[in-house]
Amino acid sequence: MQRPDWAPETIDVERPSVARMYDYYLGGSHNFAVDRAAAQAMVAAVPEAPLMAQANRAFLRRAVQFLTNAGIRQFLDIGSGIPTVGNVHEIAQRHAPDSRVVYVDVDPVAVAHSREILAGTEGATVVQEDLRHPERILAHPDVRANLDFSQPVAVLVVAVLHFVGDHDRPAEVLRTLRAALAPGSHLVLSQASDDGRSDAERAEAQKVYQRTDSPLWVRSRAELTAFFDGFELVDPGVVWVPQWRPETPDSAEDAERAVFLGGVGRLGG
Amino acid sequence: MRCSWAESGGSVGEPPAGPAPGAFARAWAKALSGTSYLPMTHAQLEALLQRLTDQLAEALRTEPLDLRAGHRVASELVAAHIASAEALGRTVEVIQLRLVRDLDLVADDTADRMARLLAAIATGYARALRDRTLDEQEAIRRATLTARADAERALRASEARFRHQATHDPLTDLPNRTLFAERLAAVLDGSTSGVHRVGLCFLDIDRFKRINDSYGHQIGDRALVAAAHRLSRAVEPHLVARLGGDAFVILVERSTGTGDVLAVAESALAALAEPVLVGGHDCTVTASVGIVERRVADTSPDDLMRAAGSTLHWAKTAGGAGWAMYDAERDEREQARQALSAAIPGGLERGEFYLDYQPLTSLQDGSVLGVEALVRWRHPQLGVLSPDSFIGLAEETGLIVPLGAWVLAEACREAVGWSTATGEPPYVSVNLAVRQLRRPGLVQEVRSLLRRTGLPPNRLQLEITESMMMGGAEEPVRTLRALADLGVRIAIDDFGTGYSNLAYLRDLPVTELKVAGEFVRGLRAPEAADERILASLVSLAHALDLTVTAEGVETVGQAERLRAIGCDAGQGWHFGRPAPADHILARIR
Ligand SMILES: C[S@@+](CC[C@H](N)C(=O)[O-])C[C@H]1O[C@@H](n2cnc3c(N)ncnc32)[C@H](O)[C@@H]1O
């Protein structure tokens with residue numbers, strides 16, 4: 001019997017997973033030898049890779065705090081990864097306990113782990129879906145049950161877009177998500193950029209991620225800015241992530257070594 | 001950009017209430033930054049470290065030194081995700097370098113106490129980090145197992161769905177032919193199923209096409225779905241499969257006899273007969289069911305299905321709206337007939353057919369006026385077959401057309417070569433089947449046959465039956481006229497057994513009546529009713545200018561009486577049995 005096309009992939013832990021590599025950069029132990037080997041190869045090529053991950057995660061934290069202060073109580077975190085430390089619902093609920101978060105990831109292990117972590121947690125749930133099928137995410141019953149799209153929602157696509165190639169039409173994906181949002185909703189984006197990188201570093205990083213299921217699609221600031229089409233960029237716009245509303249002035253030093261560009265947009269109207 | 005976006009106004013990001021961080025806590029926080037991801041604001045970090053600093057200071061001041069304080073601080077750090085080798089190194093370093101100085105904690109045995117405290121912190125930290133690492137490794141392994149189990153469950157579910165689609169009819173969601181065949185095969189494997197008898201109801205809705213034709217296929221489909229659901233509900237728990245179109249089959253496992261299966265068939269028929277409205281249209285239907293019930297050991301799936309199919313056909317030909325029960329004898333008969341009729345074309349090709357002739361003898365002078373051609377089949381397995389065993393079949397299947405054409409051609413071909421010492425050779429009389437008569441082109445066929453063989457038209461007689469002329473169809477009458485115009489003789493065969501309407505004979509170009517043998521058999525007793533009927537028949541025929549031949553003449557007595565009545569000719573054993581042409585011709589010469 002031929003395998004029907006809706007059957008899921010089986011779980012292959014022989015291949016490094018970008019979710020578990022990211023956990024390793026952040027200092028977590030939710031990873032296997034293959035993941036560590038790939039992450040170490042990445043560190044050999046780009047020594048500040050762990051710092052980049054930390055800076056990105058810190059950007060995510062500041063962005064969520066900003067959104068919580070702006071009155072946002074609903075979060076759709078796409079490409080949420082392995083909940084290590086500082087998850088969106090923890091940040092948001094610390095200050096606004098009524099916040100609701102739906103995590104979405106394609107990685108089945110990341111989703112299974114999230115599900116276990118979230119068991120018994122009010123207002124947070126996880127869904128296995130692919131950013132490249134935004135209509136399926138929006139139609140998912142668990143998404144519908146937890147988020148009210150007639151009210152503002154913050155969509156987080158943080159450190160994920162560089163896994164979505166141009167052939168998968170990232171701009172269209174974001175447009176589809178935007179169309180589902182009420183005025184006052186927000187979009188948080190960050191992604192790896194090769195602005196200011198040497199060709200050698202670029203090639204090395206590509207090689208590492210070629211081993212995973214998710215090769216890297218780095219983009220320029222202009223490209224990332226264009227993804228905010230339809231949103232009003234919140235100050236300071238699209239910047240290296242340490243520069244986005246830093247808590248202390250010196251934490252924004254050497255910002256371009258961060259590799260990640262990020263920004264937050266608000267849907268007007 | 002060099003400005004700070006530190007939160008203003010809101011509570012988010014603000015340090016929890018507590019003492020303002022002193023110089024040591026601030027230095028410690030600075031030392032830790034960048035060691036790993038810290039899920040808190042810098043202010044929160046400083047506030048946390050201030051609290052831990054207080055605990056350490058308290059420990060250093062207290063006598064005796066409580067090493068548990070070092071363990072506690074270490075595990076609090078790890079619990080707050082300040083959990084990296086670098087963070088431990090920086091922590092040891094900053095405490096060693098600055099704690100005593102910044103907090104002004106100098107005492108006699110400071111160096112000693114500090115060394116023991118740092119050892120406790122390092123031990124506690126390593127222990128907590130190890131536990132955390134092991135926990136996280138366990139968690140991710142567990143997540144992998146869960147994910148794998150989920151994926152396999154999903155795969156099984158999708159396979160089940162796929163299997164469902166492959167084994168069910170998409171319209172009615174009933175099992176399809178595939179599933180039915182599987183179940184039947186499993187049941188018939190009596191060794192594993194433990195089933196001894198099994199039954200099938202092969203069901204077909206009567207004239208279902210009518211619903212499609214009158215209301216469209218959409219209504220038709222909905223009517224089918226409705227029928228399917230009622231059917232499966234009515235015969236539960238037996239398996240009902242849709243074989244396609246409006247044909248269904250019910251599998252009765254573990255039957256105890258025909259009664260069981262008959263009861264199922266009757267419930268099915270009753271359920272289908274209930275009135276149904278679909279889209280406001282009356283879609284009430286009736287159905288026919290063929291029932292087969294057998295010992296599992298005596299049958300095979302193909303066998304059962306074939307038998308059920310034939311039985312359904314019986315139910316249909318009996319008018320539908322009912323069931324028929326399988327009858328082995330009838331089936332065998334039909335199968336034999338089927339086989340025989342299927343062999344006719346091959347037989348024709350291989351020249352297995354031949355003609356015998358039976359004389360039509362004048363009752364006046366005993367001369368042979370004509371001979372009737374009678375077809376024989378020298379069947380390779382069954383021996384010589386007389387027409388009764390295959391003409392009916394050939395008529396049903398339409399094979400009578402090529403067979404009849406062959407007989408006609410063969411009779412003409414042989415007859416043209418006949419000669420007699422005493423003048424006119426006998427004509428040859430050939431039976432025409434209704435299908436032959438109805439086919440356009442018969443006249444043309446006869447004309448070219450006569451031309452090709454050179455047989456004079458008046459030496460060919462075509463025999464038709466009265467029933468062929470019934471119903472007032474014009475076409476056959478026109479054909480007969482055209483044949484008569486060619487000069488061919490036309491006889492009505494078996495006269496007296498059917499409608500026997502003499503009036504219509506007036507309008508037909510008929511030259512002869514052949515009176516059925518029944519009347520002749522009745523001639524035994526003098527002055528019998530049959531004789532009087534025959535006598536008036538003959539005089540009527542003569543009045544219409546028709547000659548009369550009596551069939552089935554078996555005795556001298558019968559021949560005498562027929563002559564006395566005025567009958568023109570006789571045919572039957574008394575005058576000669578069917579035989580090859582040369583035997584008969586030899587007798588004439
Ligand atoms: C680098 S992690 C980012 C985690 C988190 N958003 C953060 O910034 O801290 C990227 C995550 O995106 C997920 N991912 C990659 N491609 C994805 C896609 N097409 N749809 C959904 N998730 C995807 C990976 O499985 C991984 O967990």
Side-chain angles (χ1 to χ4, degrees), chain A residues 1-4 6-11 13 20 23 25-32 50-51 53-55 57-58 61-62 65-66 68-69 82 84-87 90-91 94-96 107-117 128 235-236 239 243-249 251-253 255, chain B residues 1-14 30 33-45 80-87 129 132-159 161-163 165-166:
Chain A
M1 193 192 308
Q2 207 192 326
R3 202 156 68 97
W6 59 77
E9 302 290 321
T10 49
I11 309 306
V13 288
R20 296 191 302 261
D23 172 76
Y25 296 146
L26 292 184
S29 302
H30 303 99
N31 43 67
F32 300 119
L51 287 177
Q54 291 174 28
R57 192 76 176 163
R61 172 169 49 76
R62 295 197 306 281
Q65 283 175 346
F66 166 80
T68 310
N69 281 346
I82 306 223
T84 349
V85 286
N87 295 305
E90 292 164 355
I91 303 164
R94 183 153 37 187
H95 299 289
D107 184 332
V109 176
V111 170
H113 188 259
S114 308
R115 191 159 289 139
E116 187 169 331
I117 295 287
Q128 187 178 339
D235 270 353
V239 292
Q243 294 170 334
W244 198 87
R245 300 188 174 224
E247 283 153 359
T248 56
S251 57
E253 275 168 29
Chain B
M1 193 167 299
R2 280 281 160 177
C3 58
S4 162
W5 294 88
E7 310 298 331
S8 55
S11 63
V12 175
E14 264 177 21
K30 192 146 191 269
S33 76
T35 53
S36 69
Y37 171 67
L38 305 179
M40 61 194 95
T41 64
H42 198 73
Q44 285 167 334
L45 175 63
H81 307 296
I82 301 166
S84 67
E86 290 77 9
L129 197 55
R132 177 190 168 93
T133 303
L134 291 174
D135 286 351
E136 290 190 350
Q137 281 280 296
E138 205 173 305
I140 196 69
R141 288 232 147 71
R142 204 165 44 237
T144 304
L145 293 181
T146 309
R148 192 168 286 152
D150 285 350
E152 273 159 17
R153 198 173 317 116
L155 180 65
R156 271 197 303 278
S158 69
E159 271 169 0
R161 205 160 28 191
F162 183 68
R163 158 124 185 104
Q165 284 187 359

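So you know, we letter chains A, B, ... as the sequences are listed, proteins then strands, and number each from 1. The basis for the numbers below is simple: all heavy atoms, side chains too, and nothing from hydrogens, waters or symmetry mates.
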_Heavy-atom pair count under 4.5 Å with chain B, highest-scoring of A/Gln128, A/Glu116, A/Arg20_ = A/Glu116
*Tell me, out of A/Asn31, A/Val111, A/Leu51, A/Asn87, who's got the most heavy-atom pairs with chain B below 4.5 Å.*
A/Asn31
*Quick one: list whatever passes side chain to side chain donor-acceptor pair (under 3.5 Å) with B/Arg153, sequence neighbours left out.*
B/Asp150
*Hey, are the side chains of B/Glu152 and B/Arg148 touching, using non-hydrogen atoms and a 4.5 Å cut-off?*
yes
_Can you tell me which portion of A/Ile91 sits under 4.5 Å from chain B's heavy atoms? Options are side chain, backbone, both or neither._
neither
*Residue pair A/Arg57 / B/Tyr37: nearest heavy atoms and the distance that separates them*: CG-CZ, 3.2 Å
_Between A/Arg62 (side chain only) and A/Arg245 (backbone N and O only), is there a donor and an acceptor less than 3.5 Å apart?_
yes
_Residue, of A/His30, A/Arg115, A/His113, that accumulates the most heavy atom pairs under 4.5 Å with chain B_ = A/His30
_Side-chain (B/Gln137) to main-chain (A/Ser29) donor-acceptor, under 3.5 angstrom_ = yes
*asked:* At a heavy-atom distance under 4.5 Å, which candidate from B/Glu86, B/Arg132, B/Arg142, B/His42 has the highest pair count against chain A?
replied: B/Arg142
*Answer with side chain, backbone, both or neither: which region of B/Thr144 has an atom nearer than 4.5 Å to a non-hydrogen atom of chain A?*
both
*Identify which part of B/Arg156 has an atom lying under 4.5 Å from any heavy atom of chain A, answering side chain, backbone, both or neither.*
neither
_A/Ser114 OG to A/Ile82 CD1 distance, which is reported to the nearest 0.5 Å_ = 7.5 Å
*May I ask you to say whether A/Arg94 pairs ionically with A/Glu90, meaning some side-chain N is under 4.0 Å from a carboxylate O?*
no
*Given the options A/Gly27, A/Ala53, A/Ala58, which has more heavy-atom pairs under 4.5 Å with chain B than any of the others?*
A/Ala58
*asked:* Which atoms of B/Leu134 are under 4.5 Å from chain A, going by heavy atoms: the side chain, the backbone, both sets, or neither?
replied: neither
*Side chain from CB out, backbone as N, CA, C, O: work out which of these in B/Thr35 comes under 4.5 Å of a heavy atom of chain A, or both, or neither.*
backbone
